[in-house]
Trainee: 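Can you read through this structure? Questions will come right after.
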Amino acid sequence: MKIKQKILFAVIKIAKGVMSLIYAAMKLLPVKEGNILFISRQSNELTLDFKMLREEINHMDRGVNIMIICCRLDDSKKGVLRFVLETMRSMYYLATCRVCVLDAYWPAVSMLHHKKELTVIQMWHALGKIKQSGYQTLDRKSGRSEFMAEALSMHRNYDYVIAGGSAWNEYYCKSFDIDSDRILNIGLPRIDYLICSEEDNKRRIYEKYPEFVTKPVILYAPTFRRNGTGSAEKLISMLLDNNVYSVVVKSHPNQPLNFSDDNVFFCPEFSSMEMLSVSEYVITDYSAIAIEAAILDKKTLYYLYDYEEYVANNGLNVDPMESMRGCAFKDAESIVKIINEGSYNMDVLEKYRKKYLPDELGTSTKKLAECVLKFAGR
């Protein structure tokens, strides 16, 4: 182990020791039946999945008490301080709650020893594991180091992990380093949202952008790349050339994309999921938005301009070149050709839907709420 790693490991160990002492005192407090904790590191506001889950839980049982912590870590001093304070606050709730539902790694959940009364449910922030992550990517360029994973007890203490179709299970097991009996193939609340709100989203978007009615939308939504943003300038330029479609770009929140062409739409008023409702085509790469698009039967194409590099640096669980054969390409020309010719193969998309989506669509929120309430003793 290098000297810097030894120092960092010592600092983390001391921090964990201090947290454990404080948490030991907090665990003397009684656990309250019906106390539920939501933790999100994806946003400083409650995410769609959590909003829908909270609403359904409250609908089923008005007697529960839901505590919420939403803290997106940034590198500023103020951001780090806020994260530390929220971590301390989460420790109190973890000591007194029956259930914790989270959507990403959270230090206090994975690093501390909890009461047996606490059930931890990892509601991961994507509908599947197209790209490798977590324990699958240790010591790779785009992953975490094995040293840090061990020091921070990465993804430990999960009692259950929520997944979509059962075809994803082996990848969730590898990513989180868990056994398959911990996986619940319920799907996320956003599945219900996509289905139930499609028409309303169309109405709202068309009111704001009436040009989308006559010039259908092509949505470009790439994944996050830890080692660079790549370039989609050529693809966007070619899509704009035919002047038949409206091109909307929705970049990853951690990696904003900017295009100089004024004809590109960004639609900041609407999320990428909302934009799916008006999209005729969705172009992505290794992003789980492909699964969301499949829910609405959207023609999805994959622009894999950095395919060899991405496979080497990150790795894929579900390779679009295989799972969506004839819809995934390394060059922009092939994608534009399919769009211009109208030759998209819907049979390939239907096979993808049957394999990777939950068996029953539209019931994820209800099933997840019932699961949470059961573990909360309600």
Trainee: Tell me if the aromatic rings of H113 and Y23 count as close, with their centers under 6.0 Å from one another.
Mentor: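 H113 vs Y23: aromatic centres not under 6.0 Å.
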Trainee: Go through it in stages, so that I can follow the logic: the residues are E269 and Y209, the test is side chain to side chain donor-acceptor pair (under 3.5 Å), and I'd like the CA-CA distance, side-chain angles, deciding distance and then a yes or no.
Mentor: CA-CA 11 Å; E269 311 90 343; Y209 298 95; 2.7 Å; yes
Trainee: Look at R203 together with E199 and state whether they make a salt bridge at an N to O cut-off of under 4.0 Å.
Mentor: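 So R203 does not pair with E199 through a salt bridge.
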Trainee: Do the side chain of S110 and the main chain of P107 share a donor and acceptor less than 3.5 angstrom apart?
Mentor: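 Between the backbone of P107 and the side chain of S110 there is no qualifying donor-acceptor contact (under 3.5 Å).
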Trainee: Indicate yes or no: at least one non-hydrogen side-chain atom of Y303 is less than 4.5 angstrom from one of D285.
Mentor: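 When only atoms from C-beta onward are counted, D285 and Y303 do not touch, as no gap falls below 4.5 Å.
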Trainee: When clusters are formed from ILVMFWY side-chain contacts under 4.5 Å, directly or step by step, what else is grouped with L21?
Mentor: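 Grouped by the 4.5 Å side-chain rule, L21 forms a cluster of one, so the answer is none.
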Trainee: Check the side chains of S197 and D200 for a donor-acceptor pair under 3.5 angstrom, ignoring hydrogens and angles.
Mentor: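 Checked: D200/S197 side chains show no N/O donor-acceptor pair below 3.5 Å.
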Trainee: Give the C-alpha distance, both sets of side-chain angles, the deciding distance and a yes or no for side chain to side chain donor-acceptor pair (under 3.5 Å) between K129 and S175.
Mentor: CA-CA 8 Å; K129 289 280 186 180; S175 177; 3.2 Å; yes
Trainee: Counting N and O atoms only, with roles assigned by atom type, does the side chain of Y135 sit under 3.5 Å from a partner on the main chain of M154, one being a donor and the other an acceptor?
Mentor: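 Pair found, side chain donor or acceptor close to backbone of M154.
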Trainee: If you measure from the Lys or Arg side-chain nitrogens to the Asp or Glu carboxylate oxygens, is any gap between K174 and E170 under 4.0 Å?
Mentor: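 E170 and K174: salt-bridged.
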Trainee: Check whether more than 12 heavy atoms from other residues, nucleotides or ligands sit under 6.0 Å from atom CD of E33, and answer yes or no.
Mentor: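 Count over threshold, so yes.
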Trainee: Should L85 and L37 be regarded as members of a common hydrophobic cluster, given that ILVMFWY residues are connected when their side-chain heavy atoms come within less than 4.5 Å of each other, either directly or indirectly?
Mentor: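 No; tracing contacts between hydrophobic side chains, which count when under 4.5 Å, never links both residues.
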Trainee: Could you go step by step and tell me if T47 and D49 meet the side chain to side chain donor-acceptor pair (under 3.5 Å) rule?
Mentor: CA-CA 6 Å; T47 64; D49 290 314; 5.1 Å; no
Trainee: Using the rule that two of Ile, Leu, Val, Met, Phe, Trp, Tyr join whenever any of their side-chain heavy atoms come within less than 4.5 Å, decide whether M346 and I339 are in one cluster.
Mentor: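 Yes, one cluster joins them.
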Trainee: Ignoring hydrogens and geometry beyond distance, is a side-chain donor-acceptor pair present between S40 and D103 at under 3.5 Å?
Mentor: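 A donor-acceptor contact under 3.5 Å links the two side chains.
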Trainee: Rounded to the nearest 0.5 Å, how far does CG of L112 lie from CE of M91?
Mentor: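 Going from CE on M91 over to CG on L112, the span is 5.5 Å.
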Trainee: M88 and M26: which non-hydrogen atoms are nearest, and at how many Å?
Mentor: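 Looking at all heavy atoms of both residues, the closest pair is O-CE, 4.0 Å.
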Trainee: Classify the angle between the aromatic ring planes of Y344 and Y281 as parallel (below 30°), tilted (30 to 60°) or perpendicular (above 60°).
Mentor: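 Perpendicular.
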Trainee: Work out which heavy atom in A163 is nearest to a heavy atom in I183; give both atom names and the distance.
Mentor: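 Looking at all heavy atoms of both residues, the closest pair is CB-CG2, 3.7 Å.
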Trainee: State whether E207 and R204 are salt-bridged, where the test is any N-O pair (Lys NZ or Arg NE/NH1/NH2 against Asp/Glu carboxylate O) under 4.0 Å.
Mentor: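 Looking at E207 and R204, the cut-off is not met.
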Trainee: Any sub-3.5 Å donor-acceptor pair from D179's side-chain atoms to D181's backbone N or O?
Mentor: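 No.
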Trainee: Provide the closest heavy-atom pair for E274 versus Y193 in the form atom of the first, atom of the second, distance.
Mentor: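 Minimum heavy-atom contact is CG-OH, 3.2 Å.
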Trainee: Using a strict 4.0 Å threshold on nitrogen-to-oxygen distance, state whether D192 and K366 make a salt bridge.
Mentor: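 Between K366 and D192 there is no salt bridge, as every charged N stays at least 4.0 Å from the carboxylate O atoms.
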Trainee: For the atom pair CG (L194) and CZ (R190), what is the distance rounded to the nearest 0.5 Å?
Mentor: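 With rounding to 0.5 Å, CG (L194) is 8.5 Å from CZ (R190).
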Trainee: Residues sharing V31's hydrophobic cluster, by side-chain heavy-atom contacts under 4.5 Å among ILVMFWY, directly or via others?
Mentor: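 Once heavy-atom contacts under 4.5 Å are chained together, V31 still belongs with nothing else.
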Trainee: For A288, which residues count as a side-chain contact (heavy atoms from CB on, under 4.5 Å) partner, sequence neighbours excluded?
Mentor: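 If we apply the side-chain contact (heavy atoms from CB on, under 4.5 Å) test to A288, skipping adjacent residues, the hits are A126, I291.
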Trainee: Please assess H125 against R41 for the test side-chain contact (heavy atoms from CB on, under 4.5 Å), listing each intermediate value before the final yes or no.
Mentor: CA-CA 10 Å; H125 54 269; R41 224 184 75 225; over 6 Å; no
Trainee: Counting heavy atoms not belonging to K115, are there more than 12 under 6.0 Å from its NZ?
Mentor: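 Correct, the count exceeds 12.
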Trainee: Would you say the side-chain atoms of S237 pair up with the backbone N or O of E233, donor to acceptor, closer than 3.5 Å?
Mentor: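 No, S237 side chain to E233 backbone: no donor-acceptor pair under 3.5 Å.
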Trainee: Can you find a heavy atom in the side chain of V120 that is under 4.5 Å from one in the side chain of L102?
Mentor: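 Yes, side chains in contact.
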Trainee: Is the number of heavy atoms from other residues, nucleotides or ligands within 6.0 Å of NZ (K208) greater than 12?
Mentor: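 Atom NZ in K208 is not packed in, count stays at 12 or less.
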Trainee: Would you check if K13 and K16 make a side-chain contact, meaning some heavy-atom pair closer than 4.5 Å?
Mentor: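 No, every pair of side-chain atoms sits at 4.5 Å or beyond.
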Trainee: Of the non-hydrogen atoms in V109 and H114, which two are nearest, and what is the gap between them?
Mentor: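 Here V109 and H114 meet closest at O-NE2, 2.7 Å.
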Trainee: To the nearest 0.5 Å, tell me how far L373 CG sits from M60 CE.
Mentor: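 Reported to 0.5 Å precision, the distance equals 6.5 Å.
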Trainee: Just wondering, more than 12 heavy atoms not from E150 lying within 6.0 Å of its CD?
Mentor: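 Not more than 12 within 6.0 Å, no.
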Trainee: Measuring from I186:CD1 to I121:CD1, what's the distance to the nearest 0.5 Å?
Mentor: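 Between I186 CD1 and I121 CD1, I get 7.5 Å after rounding to 0.5 Å.
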Trainee: Kindly determine whether L53 and F38 satisfy side-chain contact (heavy atoms from CB on, under 4.5 Å), including the steps that lead there.
Mentor: CA-CA 10 Å; L53 180 58; F38 288 176; 3.8 Å; yes
Trainee: For the aromatic rings, using the six-membered ring if either is Trp, is the centroid distance between Y172 and W124 under 6.0 Å?
Mentor: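 No, the ring of Y172 stays outside the 6.0 Å limit from the ring of W124, centre to centre.
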Trainee: Where do Y310 and L316 come nearest, in terms of heavy atoms and distance?
Mentor: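 Answer, listing the atom of Y310 first, then L316: CE2-CD2, 3.9 Å.
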Trainee: Yes or no on side-chain contact (heavy atoms from CB on, under 4.5 Å) for Y307 and F329, after CA distance, side-chain angles and deciding distance?
Mentor: CA-CA 9 Å; Y307 178 76; F329 305 96; over 6 Å; no
Trainee: Looking only at heavy atoms, which two atoms of V247 and I236 are closest? And how far apart?
Mentor: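 In terms of heavy atoms, the two residues are closest at CG1-CD1, 4.0 Å.
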Trainee: Is there side-chain contact between V264 and Y220, with at least one heavy-atom pair below 4.5 Å?
Mentor: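 Side-chain contact under 4.5 Å: no.
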Trainee: Within the structure provided, determine whether L152 and M111 are in side-chain contact (heavy-atom separation under 4.5 Å).
Mentor: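 Counting from C-beta outward, L152 and M111 do come under 4.5 Å.
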Trainee: Can you check whether Y302 reaches S323 side chain to side chain, under 4.5 Å on heavy atoms?
Mentor: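 With C-beta onward as the side chain, the pair stays apart.
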Trainee: Can you establish whether the number of heavy atoms outside K367 located under 6.0 Å from its atom NZ is more than 12?
Mentor: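 Yes, the 6.0 Å shell around NZ holds more than 12 heavy atoms from other groups.
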Trainee: Please walk me through it: do S334 and D331 pass side chain to side chain donor-acceptor pair (under 3.5 Å)?
Mentor: CA-CA 6 Å; S334 296; D331 62 292; 2.8 Å; yes
Trainee: Let me see the working for I295 and L127 under side-chain contact (heavy atoms from CB on, under 4.5 Å), right down to the final yes or no.
Mentor: CA-CA 11 Å; I295 292 167; L127 286 173; 3.7 Å; yes
Trainee: More than 12 heavy atoms of other residues, nucleotides or ligands under 6.0 Å from CG of N58: yes or no?
Mentor: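 Correct, the count exceeds 12.
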Trainee: Does Q136 reach the main-chain N or O of S133 with its side chain, forming a donor-acceptor pair under 3.5 Å?
Mentor: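 Side chain of Q136 to backbone of S133, a donor-acceptor pair under 3.5 Å: yes, one is there.
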Trainee: If you round to the nearest 0.5 Å, how far is CZ of R378 from CG of D61?
Mentor: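 Rounded to the nearest 0.5 Å, the CG-CZ separation comes out at 4.0 Å.
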Trainee: Do L349 and K298 make a side-chain contact, defined as non-hydrogen atoms from C-beta onward lying under 4.5 Å apart?
Mentor: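 No, too far: nothing below the 4.5 Å cut-off.
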Trainee: Is the shortest heavy-atom distance from the side chain of I178 to the side chain of Q122 under 4.5 Å?
Mentor: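 No, too far: nothing below the 4.5 Å cut-off.
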Trainee: Do the side chains of I12 and L81 join up, straight or via other hydrophobic residues, at under 4.5 Å, putting them in one cluster?
Mentor: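 No; tracing contacts between hydrophobic side chains, which count when under 4.5 Å, never links both residues.
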Trainee: Can you tell me how far the NZ atom of K27 sits from the OG atom of S20, to the nearest 0.5 Å?
Mentor: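 If we round to the nearest 0.5 Å, K27:NZ and S20:OG are 8.0 Å apart.
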Trainee: Side chain of T137, backbone of N314: donor and acceptor closer than 3.5 Å?
Mentor: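 Looks like no, no N/O pair under 3.5 Å.
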Trainee: Would you say I205 ends up clustered with F266 if hydrophobic residues are merged whenever their side chains have heavy atoms under 4.5 Å apart, either directly or through other cluster members?
Mentor: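 Yes; I205 is reachable from F266 via cluster members.
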